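The figures here come from the full heavy-atom set of this structure, side chains too, leaving out hydrogens, waters and symmetry mates. Since this is a predicted model, take the numbers as computed values, not measurements.
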Amino acid sequence: MSSVKICKVENKSDLKRFIEFHYDLYEGNEYDVPNLYSDELNTFSPEKNAAFEFCEAELYIAVKDGKTVGRVAAIINHKANKKWNHNSVRFGWLDFIDDKEVSRALLDAVEKFGKSKGMDRMIGPLGFTDMDPEGMLTMGFDQLGTMPTIYNYPYYPEHIESMEGFVKDNDYVEYKILIPESIPEKYAKISAMIQKRYNLHVKKLTKKEVFEEGYGKKIFEVINETFKNLYGFSELSERQIDQYVNMYFPFIDLNLVTLVEDWNADKKLVGVGITLPSMSHALKKCKRGRLFPFGWWHILRAIKYHKTNIVDLLLLGVLPEYRVKGANALMFSDLIPWYQKYGFEWAETQVEMETNEKVQSQWQYFDIENHKRRRCYKKDI
């Protein structure tokens, strides 16, 4: 009989325990970048997280010898299941001590929940949507994490792969990109050419355009169209779009946001590049994910004063028919001078499917390093 007890999160006290476990497990780890406690609370609140319009979830805590030793979220994204024509339960926010009895009990709880809802497959690590962290780190354990991604100990994938039934479903890659001293010559030539030949042009935003003139919504409509065929993606709803506009754009430096418009099509928005100073070092200084008493100052220094040498390429998307026209080159021809001005030394891409050669080809003119890999697993249940 297992000595691990699985407890369902039922109240605010349980949720606090669920969130706090990650801070306990990774305390002192030099590579883990903790999420803000307030952001975690909002993620698991149906009132705050618009994904609950089409998702349902249960959270579990593993207890052994009276101590919290693991956690996991079991999530069913009904919109994604319908889009991809399968019945999958996702597992996310998976953390556990190095004890296979614990990891097995947590995933058994997800499987039991999935079966009770008529699901026939488990997949993960995945969140409610693509806007949440996804994929278990399998390479790059000695690399600093990022705000949008998961860091985990090396024993995590070892546990998963030792369990019967779990196999690879999808792999992601991530890159470090050295910021060049000047715009790559190829990019400069392509940018000049496509402005003349295709009448594509850079668009820089104001706060008024984002919040009052509809550009915030337009940006995420492009993201919806760009990401629609990517692994596990479900289209962002109107409420989700409003949520992300209000989450990111009040504090984002609009110099680091570049759009591409087609002036032959009434200035149609065709490309989006949302980048921001890395929050990794600042978040590590937010004790247990709290902004107070001093965490807010480190966040402010990164966002407003660019006190970091890293820039995160948060969301990049170009409509399919414009990728072959070189819209990406135009976007980075605008962004690179800003990176140089702010003193960024290198950029961190976010997760890219290993099979997405078109996305990875845009880095061919840069000095890059594939420094991380991560994996999503699946199991028939």
Side-chain angles (χ1 to χ4, degrees), residues 7-26 32-61 68 70-80 89-96 106 109-110 113 123-136 145-152 220 223 227 232-252 274 276 279-280 282-283 286 288-291 295 299 312 314-315 350-351 374 376:
C7 305
K8 180 182 172 183
V9 171
E10 301 276 13
N11 51 47
K12 290 182 179 179
S13 177
D14 292 342
L15 181 56
K16 180 180 179 181
R17 189 177 178 186
F18 179 94
I19 297 171
E20 294 277 6
F21 177 70
H22 183 90
Y23 305 139
D24 293 334
L25 187 63
Y26 286 89
D32 177 63
V33 175
N35 289 327
L36 290 175
Y37 182 82
S38 56
D39 286 349
E40 293 287 81
L41 281 177
N42 289 339
T43 295
F44 296 111
S45 167
E47 292 76 28
K48 298 288 182 66
N49 187 352
F52 276 97
E53 291 178 341
F54 50 86
C55 294
E56 57 181 307
E58 287 190 357
L59 311 181
Y60 303 106
I61 296 169
T68 303
R71 68 171 190 172
V72 71
I75 302 163
I76 299 175
N77 181 325
H78 294 287
K79 184 186 287 187
V89 57
R90 302 175 170 206
F91 60 91
W93 286 270
L94 178 65
D95 283 312
F96 48 85
L106 287 166
V110 176
F113 171 73
I123 55 174
L126 290 170
F128 292 89
T129 72
D130 256 26
M131 297 295 148
D132 296 316
E134 52 194 4
M136 181 175 288
T146 66
M147 180 181 68
T149 59
I150 299 168
Y151 180 83
N152 54 262
F220 283 97
I223 295 299
F227 288 9
F233 183 75
S234 57
E235 181 180 343
L236 297 173
S237 67
E238 290 287 330
R239 187 180 162 210
Q240 280 182 290
I241 289 174
D242 290 340
Q243 176 182 307
Y244 289 123
V245 169
N246 292 325
M247 181 186 300
Y248 290 117
F249 281 96
F251 66 82
I252 206 165
I274 301 177
L276 73 165
M279 308 287 283
S280 296
L283 286 168
C286 295
R288 299 185 73 80
R290 269 63 171 192
L291 287 173
I299 297 292
D312 282 346
L314 185 63
L315 282 174
Q350 303 311 312
V351 294
R374 54 186 73 243
C376 282

Do [X] and [Y] have side chains that get closer than 4.5 Å, going by heavy atoms?
X	Y	value
K48	Q243	no
L126	D132	no
I75	F91	no
I150	P125	yes
Y248	L314	yes
I76	C55	no
F44	N49	no
E10	L15	no

Sidechain-backbone polar pair: [X] side chain, [Y] backbone, donor-acceptor under 3.5 Å:
X	Y	value
R374	M136	no
S45	L41	no
R90	G127	yes
Q240	S237	yes
S280	V33	no

Go through the steps to decide whether T146 and M279 satisfy the test side-chain contact (heavy atoms from CB on, under 4.5 Å), and finish with yes or no. CA-CA 7 Å; T146 66; M279 308 287 283; over 6 Å; no
Work out which heavy atom in [X] is nearest to a heavy atom in [Y]; give both atom names and the distance.
X	Y	value
F113	A74	CD2-CB, 3.5 Å
A80	G232	CB-O, 4.1 Å
P46	R239	O-NH2, 3.6 Å
P148	D312	CD-OD2, 4.4 Å
F128	A57	CE2-CB, 3.9 Å

Can a donor-acceptor pair be found between the side chains of S234 and N77 at a distance below 3.5 Å? yes
Looking only at the side chains, is there a donor atom on one of E40 and H22 sitting less than 3.5 Å from an acceptor on the other? no
Run the salt-bridge test on R288 and D24 with the 4.0 Å N-O cut-off and return the result as yes or no. yes
Using a strict cut-off of less than 4.0 Å between a Lys/Arg side-chain nitrogen and an Asp/Glu carboxylate oxygen, indicate whether E20 and R290 qualify as a salt bridge. yes
Nearest 0.5 Å, please: how far is [atom2] in [Y] from [atom1] in [X]?
X	Y	atom1	atom2	answer
D95	L106	CG	CG	9.5 Å
N42	M247	CG	CE	7.0 Å
T43	W93	OG1	CH2	5.5 Å
D14	C7	CG	SG	7.5 Å

Do T68 and R17 pass the side-chain contact (heavy atoms from CB on, under 4.5 Å) test, and can you show the C-alpha distance, the side-chain angles, and the key distance before you say yes or no? CA-CA 8 Å; T68 303; R17 189 177 178 186; 2.7 Å; yes
Between Y244 and F249, is the ring centre distance below 6.0 Å? no
Quick check on the 6.0 Å ring-centre criterion: do Y60 and F18 meet it? no
Residues E235, K79; criterion salt bridge (charged side-chain N to carboxylate O under 4.0 Å, His left out); working and verdict: CA-CA 8 Å; E235 181 180 343; K79 184 186 287 187; over 6 Å; no
Go through it in stages, so that I can follow the logic: the residues are M131 and L315, the test is side-chain contact (heavy atoms from CB on, under 4.5 Å), and I'd like the CA-CA distance, side-chain angles, deciding distance and then a yes or no. CA-CA 10 Å; M131 297 295 148; L315 282 174; 4.2 Å; yes
List the steps and the verdict of side-chain contact (heavy atoms from CB on, under 4.5 Å) for V89 and V110. CA-CA 8 Å; V89 57; V110 176; 4.0 Å; yes
So Y37 and Y23, would you call those rings parallel, tilted or perpendicular, with 30° and 60° as cut-offs? tilted
Y151 vs Y26 aromatic rings, parallel, tilted or perpendicular, using cut-offs 30° and 60°? perpendicular
